[in-house]
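In what follows, a structure is listed as structure tokens, so that the remarks can point back to it.
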Amino acid sequence: MPCTRILSLVGALLLFSGSMLAAQAPTHPLDGLSAAEHWTAYEVIRASGEISDDANFLFASLNEPPKAEVLAWSAGQSFRREAYVHIEDESAGYVAVVDLIAEELLRYEMVTETTYMWGPSDGVSAVVLRNDEVRAALEDRGITDFEMVGCGAQAYGNRGTEQERGARIGRVTCGHRVGSVNGLGEPIPGLVVVVDLQENEVLEVIDDGPGPRIGPVAEHHPEVVGETRDPLPPIVVTQPQGRGFTIDGWQVAWESWRFHLRIDPRRGLVLSQVGHEDDGAFRSVLYQASLSELFVPYQDPSQPWSHQAYYDLATYPSSFEGIAGTLEIGQDCPAHAHYIDSWVVRTNGSPQRVPRAACLFERPGAEPAWRHDGGDYIESRARTDLVLRMFVGAGNYDYLFDWVFKQDGGIRVNLAATGIDQVKAVAPENAVADGGDEASRYGRYVAPHTVAVNHSHFFNFRLDFDVDGTDNSLAVDRIVTEEQPADNPRRSVWRVETDVPTTERQGMRTSTLTAPEHWRVVNPSRIGPQGYPSGYLLEGHGGKTMLLDNDPIRTLAGFTDHTIWTTPMRPEQMYAAGAWPTNLAEPDGLPAWTAADRGIDDTDIVLWY
């Protein structure tokens, strides 16, 4: 049996006709918070007297037990249960940790004055529309019905200016709702309002004058778009012999694969204790794998786009009501899929059910698992995949995340983006009328007088590998060209050269088309039948930032500097950009942690891709 499996990153649980998986009492240390546990956390925090009546609950999740405890736990044994709760109170961010069994507040402290998650206190529309200068600017644009104007902070600081230092600043733009059915309304160009989001105070109004009126954008309701194409004949998948996977609580078994899943309000799908059963023995691959951050910087130097760089996971779990949104049966997932609910916290502290936040289903492969034509005999084997899916509705974008388990021992992560673009209104009607104008220098025309602004999407995954145990190393395979002796008719061949980085600095890797690398996580103490250490291959592309070293957007999202980072496992280091990157003034996350250049050889390591 081969020792190396493949984890491929690109973009890098009951049949519906029966019943849904409802929230239940936890049976595993890594199960997500139940509704009852949300209530316990709320009651303990309220009873403590630590928070005001106006406090907002922005995020609540499992406070994971130590890894050693989870690995030592067996079914039937007791385990600790703790909740981690993020609260905004009186314009500061706090963290509470609650013992859900003892019903005791273990920790309550302020963690940030300005970089807490987005919450309802950041609703700035009323503040902006009370401002006389803003109202005059709207009237100059022919807009007098202020009830039909909505404003929101499209971008936070901090870019290091004196105005932004030590404050929570938003760049606010407005839209006109008249005529909109279900889109974004009509953007109001040339007007940006700088607001102190903690003091609810307008600091500056930037008015470049009226621009073109382009009407509502991003309308997609049938009433607006009209008749759509006729659907193709349906493709129906049936499983007359039943599903090929089983579920025990939140633990999944399919073929030789075994894993635990939960839906986290900030990270979405969290897969834990992922492994393969090999001749009756469980061989671990990953202790845990999940999305760590989704960073979207826009590429236009004008206001407010110059400050527009979203940390979707770190900023908006409360606004999104958890990053995993409800799936449409038969559209987002097959009708025969198994749908999974989750719970998130409302701003008042009560639990809210998110129906069908993920789905699990089998599907036939588009190509055979293996095939060979031996001349007089063809051997072809059909393929079946197991797919675990969620969608993230992040404002204008909808992101698909598929964890695909394969019969050959590989895991493939598929990413897709759909939804609508963010656009700005410009004077020229189209590229012909533009004539090289600045209007489309940083984007493309998608409709008359409408430019979609260039931007990037950086998805970072935290992969806590445990290949046949916790002590692992990173093996870097490089393709090198080898010149041949003069008496050989071949002048050159290529071969694979393997290095084993020993420190974090050496573990920062970027693969390119001209200098390709393969990354394997290996267990030096587990030698396979061919004499190689057992390992799992991380296969991906060489994406990295194109921004300059001194650009604040790059500096504060330093994890985009390399395709992968390798760190020793530390339970408090969960997010590539740091715990609270919204409006952050100084770099945090991977660049800060790896400055110590810690050892990564033959130890418990995490790869960040």
Check: Can you list the steps and then say if Arg168 with Thr114 is a side chain to side chain donor-acceptor pair (under 3.5 Å)?
Finding: CA-CA 5 Å; Arg168 185 171 170 91; Thr114 61; over 6 Å; no

Next item on the list: For this output row, return yes or no: ring centroids of Phe401 and Phe391 closer than 6.0 angstrom.
Entry: no

Margin query: Considering only residues two or more places apart or on different chains, which pairs with a residue in residues 129-145 satisfy side-chain hydrogen bond (donor to acceptor under 3.5 Å, both in side chains)?
Written below: Arg141-Asp207

Item checked: Inter- and intrachain pairs under side-chain hydrogen bond (donor to acceptor under 3.5 Å, both in side chains), touching residues 317-334, at least two apart -> Trp118-Ser319, Glu321-Gln352

Please name all residues satisfying side-chain contact (heavy atoms from CB on, under 4.5 Å) with [X], sequence neighbours left out, ordered by chain then number.
| X | value |
| --- | --- |
| Ala595 | none |
| Arg444 | none |
| Ala289 | Leu286, Trp403, Leu463 |
| Ala218 | Leu184, Ile420 |

For [Y], does its backbone N or O pair with a side-chain atom of [X] as donor and acceptor, under 3.5 Å?
| X | Y | answer |
| --- | --- | --- |
| Glu88 | Ser91 | yes |
| Thr566 | Glu504 | no |
| Thr594 | Asp597 | no |
| Asp300 | Val453 | no |
| Gln573 | Pro571 | no |
| Arg346 | Pro351 | yes |
| Thr450 | Pro448 | yes |
| His86 | Gly93 | no |
| Ser290 | Val270 | no |
| Glu219 | Val225 | no |

Taking ring pair (Phe, Tyr, Trp, His ring centres under 6.0 Å) as the test, write out the residues that go with [X], two or more places apart.
| X | answer |
| --- | --- |
| Tyr108 | Tyr94 |
| His38 | none |
| Phe295 | Tyr311 |
| His455 | Tyr298, Tyr397, His457 |

Side-chain donor-acceptor pair present, [X], [Y], cut-off under 3.5 Å:
| X | Y | value |
| --- | --- | --- |
| Trp608 | Thr567 | yes |
| Asn460 | Arg462 | no |
| Asp434 | Ser440 | yes |
| Trp519 | Glu517 | yes |
| Asp89 | Ser52 | yes |

Return the [atom1] to [atom2] distance between [X] and [Y], rounded to the nearest 0.5 Å.
| X | Y | atom1 | atom2 | answer |
| --- | --- | --- | --- | --- |
| Ser456 | Lys544 | OG | NZ | 13.0 Å |
| Asn583 | Leu556 | CG | CG | 9.5 Å |
| Thr563 | Tyr609 | OG1 | OH | 7.0 Å |
| Asp312 | Phe459 | CG | CZ | 9.0 Å |
| Glu90 | Asp54 | CD | CG | 8.0 Å |

Kindly indicate whether the side chain of [X], heavy atoms from C-beta on, has any atom under 4.5 Å from the side chain of [Y].
| X | Y | result |
| --- | --- | --- |
| Arg554 | Leu548 | no |
| Val85 | Phe59 | no |
| Ile169 | Val194 | yes |
| Val423 | Val446 | yes |
| Tyr445 | Val426 | yes |
| Glu109 | Glu50 | no |
| Val95 | Trp580 | yes |
| Glu293 | Pro581 | yes |

Notebook entry, point to check: Do other residues, nucleotides or ligands put more than 12 heavy atoms under 6.0 Å from Glu572 CD?
Noted result: yes

Check: Going by an N to O cut-off under 4.0 Å, is there a salt bridge joining Glu539 and Arg412?
Finding: no

Next item on the list: Output, in order, the C-alpha distance, side-chain angles, deciding distance and verdict of side-chain contact (heavy atoms from CB on, under 4.5 Å) for Val413 and Val404.
Entry: CA-CA 6 Å; Val413 179; Val404 183; over 6 Å; no

Margin query: Walk me through whether Gln198 and Glu113 qualify under side chain to side chain donor-acceptor pair (under 3.5 Å).
Written below: CA-CA 9 Å; Gln198 292 177 298; Glu113 287 189 277; over 6 Å; no

Next item on the list: Before giving the answer on side-chain contact (heavy atoms from CB on, under 4.5 Å), spell out for Trp565 and Leu607 the whole-Å C-alpha distance, their side-chain angles and the decisive distance to 0.1 Å.
Entry: CA-CA 6 Å; Trp565 303 66; Leu607 266 62; over 6 Å; no

Next item on the list: Check step by step if salt bridge (charged side-chain N to carboxylate O under 4.0 Å, His left out) holds for Arg356 and Asp341.
Entry: CA-CA 5 Å; Arg356 306 186 304 278; Asp341 296 349; over 6 Å; no

Notebook entry, point to check: Going by the salt bridge (Lys or Arg N to Asp or Glu O under 4.0 Å) test, which pairs reach into residues 179-196, not counting sequence neighbours?
Noted result: Glu186-Arg213

Checklist line | disulfide (SG to SG under 2.5 Å) partners of residues 159-215, not counting sequence neighbours, each pair once | finding: Cys151-Cys174

Next item on the list: If the plane angle is over 60° it's perpendicular, under 30° parallel, otherwise tilted; pick one for Tyr310 and Tyr316.
Entry: tilted

